[in-house]
Amino acid sequence: MADGDSSGSDGDAAAPRMEEGDLRSLFSAEEWEIGTKFPEPDTVPTKHFELLVSLGSLNFPGVLQSMVDERRWLDIGRYLRRALRFHAKDAAEAVAYPPARPDHIRRAHPELYVLPRRQHALELLGQGKRQEALRYYHDAILARIHPVRRNAHVDGLLSSLAEIINQDKPLDLGREALETHKAIEEYIELYFPRLRRGVRLRGLPGDGDKLGGSCRFGWLVLPLQQEPCEEHHELVRCLVCHSRLHLRSPQHWTFTEHLYTECPAMTPYLRKQLPRPHLQRLAARRAQDLAQDEADAAAEAAADAAAAAAAAGGGGGTGGAGIHGDDDDAAGAAAPPAT
C-alpha cells in the first residue's frame, strides 16, 4: 500500500512557488480576514482552495477542516509537509528536534508525520482492509519513524495503532478522526503561533489566566456535567499531549509540574519555551533535561556529518527510510497487496 507520495520532492517541482505576501494579494481584505479567523470550509474561496493545498498554506483553517471532512488523510500528510516549506521562517524557529532540517517532517516533527498516517491506517481498517492497514503501519509508518528521535507520546500513537489492528479492537472512526484533527490543530497552535489559528481552541469555555505563564500550553475548560471535577479541581486540556487533566489549585503550579515531569509529548523545542519552574526540584529537572537535549542534538549532528562524509566518499549514504535520507514516503511504503 503506497503512501501516495511518489518522490521525496513531494511533487513540489510542479507546485507553485509563492511567498505569503504574494498569496495574500490574491484575496480581498474581507476574504483574508474571514478565512484566516474561522475554520469552516466555506470561508475558503473555492477558486483558491487547491492553490492553498498545493502551497501548504496554513493561513486558512478551513482548508484542513475540509480535507478532514473528506477523509483525505494522505493529502493532509503531504499538505503538512509542504507547510514546513511555505512557512519556512516559522518552521526554522520551531524545530521540535534540533538539529533536524526544518522542512524534514519526520525528523523535525515526528508527531505531525505520524498523526495523519495513523488515521489513514485506521480508515483502511474501517474499510475491512486489515492486511493493508497492517502493511501500511509497518512499512509506511513504523519503518519511517523508527530511526528518528521521538517522545513517549509518539510511541504511544504507534503502539495503540498496532494494538487496534492486531487485536481487532472496536473502532470508532468518527471519534478517532475528531481527535486526530484536534491534535493536529493543537500542534500547529504550539509550533506556529503567529498564524493565530487558536480561535478554535480559545473558543472553549474557561479562563486561561488561571494557568499563568503556562496558558500557552493548555486551556482551562469548565467541567461538563458528565465529567464533574472533584472539589477544588479544574479540568485542563494540555495542548502538548492532548490530554484532559484534573488539576488541583493553584492550577498554574500543578499544570507547570505536569509539563515538566509528566507530559509525554514534550520536545526539546517546547521545553525551552516553558515558563520557569516555581520549585527548586523542577528547576533542577529543567537543567538536566536541557543538558540532555543538547547532548542528543550534538550526537545527531555528528551522525549527520558522518553520513554526509560517507556519501561524499562514495558510500552512497543511507536509504530513504533511514534517518539521514530524504523525507520520501514512497521509500517506506509497502508493496501492493498480492493478488
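Computed from a predicted model, the values in this text were never measured in an experiment. Positions are given from 1, in the same order as the sequence printed here.
Under the side chain to side chain contact (heavy atoms under 4.5 Å, CB included) criterion, D75 pairs with M67, R72, R78, sequence neighbours left out. For A308, the side chain to side chain contact (heavy atoms under 4.5 Å, CB included) test picks out no residue, with sequence neighbours left out. Applying the side chain to side chain contact (heavy atoms under 4.5 Å, CB included) criterion to T180, with sequence neighbours excluded, gives W73, L115, Q119, I184.
No side-chain heavy atom of R244 sits under 4.5 Å from any side-chain heavy atom of V236.
Within the model, atoms CZ of R149 and CG of D296 stand 5.0 Å from one another, a figure rounded to the nearest 0.5 Å. Rounding to the nearest 0.5 Å places CZ of R150 at 4.5 Å from CG of D155. In this structure, CD in E132 is found 8.0 Å from NE2 in H120, a value given to the nearest 0.5 Å. For the atom pair L55 CG and H87 NE2, the distance stands at 9.0 Å (nearest 0.5 Å). Between atom OG1 of residue T36 and atom CZ of residue R24 there is a gap of 7.0 Å, rounded to the nearest 0.5 Å. The structure places OG of S66 at 11.0 Å from CG of L52, a figure rounded to the nearest 0.5 Å.
When every heavy atom of A100 is checked against every heavy atom of V95, the shortest pair comes out as O-CG1, 3.7 Å. Closest approach of V154 to N151, counting heavy atoms only: N-OD1, 3.0 Å. Closest approach of A133 and L125 over heavy atoms only: CB-N, 4.0 Å. The minimum heavy-atom distance between C241 and H153, with the atom names listed, is O-CE1, 3.8 Å. Nearest approach of P275 to Y260, heavy atoms of both residues: O-OH, 2.9 Å. In this structure, H48 and L26 approach most closely via the heavy-atom pair NE2-O, 3.4 Å.
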**Item:** Step-by-step side-chain contact (heavy atoms from CB on, under 4.5 Å) determination, W219 to C238
**Value:** CA-CA 7 Å; W219 194 244; C238 177; over 6 Å; no
**Item:** Intermediate values then yes/no, side-chain contact (heavy atoms from CB on, under 4.5 Å), F217 and L239
**Value:** CA-CA 5 Å; F217 304 94; L239 304 184; 5.6 Å; no
**Message:** Is there a ring-ring contact (aromatic ring centres under 6.0 Å, His included) between F60 and F38? Walk through the geometry before answering.
**Reply:** CA-CA 8 Å; F60 287 68; F38 299 98; over 10 Å; no
**Request:** Given side-chain contact (heavy atoms from CB on, under 4.5 Å), test Y191 with D90 step by step and report yes or no.
**Result:** CA-CA 8 Å; Y191 288 88; D90 300 88; over 6 Å; no
**Request:** Could you check Y137 against L124 for side-chain contact (heavy atoms from CB on, under 4.5 Å), going step by step and ending with a plain yes or no?
**Result:** CA-CA 10 Å; Y137 161 71; L124 290 174; over 6 Å; no
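Ion pairing between K182 and E176 fails under the 4.0 Å rule for side-chain N and carboxylate O.
Proximity of a side-chain donor or acceptor of N166 to a complementary backbone N or O of A162 within less than 3.5 Å is detected. Remark: side-chain polar atoms of R216 are paired, donor with acceptor, to backbone N or O of L190 under 3.5 angstrom. Between the side chain of T43 and the backbone N or O of E40 there is at least one donor-acceptor pair closer than 3.5 Å. Counting only distance, with no hydrogens or angles, the side chain of E31 and the backbone of S28 share a donor-acceptor pair below 3.5 Å. Side-chain atoms of R130 come within 3.5 Å of backbone atoms of I165 as a donor-acceptor pair (strictly under, hydrogens ignored). Side-chain atoms of S57 come within 3.5 Å of backbone N or O of N59 as a donor-acceptor pair. No donor-acceptor distance shorter than 3.5 angstrom exists from the side chain of D103 to the backbone of L84, with no hydrogens or angles considered. Remark: the backbone N or O of R106 is not paired with any side-chain donor or acceptor of R144 at under 3.5 angstrom. Side-chain atoms of R82 do not come within 3.5 Å of backbone N or O of L80 as any donor-acceptor pair.
Remark: the D293 side chain and the Y269 side chain contain no N/O donor-acceptor pair separated by less than 3.5 Å. Side-chain contact of R107 with Y97: a donor-acceptor pair under 3.5 Å is absent, judged by distance alone. Inspection of the H242 and E111 side chains reveals an N or O donor paired with an N or O acceptor under 3.5 Å.
E70 CD: more than 12 foreign heavy atoms inside a 6.0 Å radius.
Note: the hydrophobic cluster containing V63 also contains F192 (ILVMFWY, side chain heavy atoms under 4.5 Å, direct or indirect links). By the rule that hydrophobic residues join a cluster once side-chain heavy atoms approach within less than 4.5 Å of another member, V114 and L173 end up as members of one cluster. In the hydrophobic clustering of this structure, V68 groups with L171; members are Ile, Leu, Val, Met, Phe, Trp, Tyr whose side-chain heavy atoms approach within less than 4.5 Å, directly or through other members. At a threshold of 4.5 Å between side-chain heavy atoms, the hydrophobic network of Ile, Leu, Val, Met, Phe, Trp and Tyr places L279 and L274 in one connected group.
For the pair R81 and Y79, the cation does not sit on the ring face, since its NZ or CZ is not both under 6.0 Å from the ring centre and inside 45° of the axis.
Between Y187 and H109, the ring planes are perpendicular. Angles over 60° get that label, and only those under 30° would be called parallel.
Checking R281, R286, R285 one by one against E257, the salt bridge (charged side-chain N to carboxylate O under 4.0 Å, His left out) holds for a single residue, R281.
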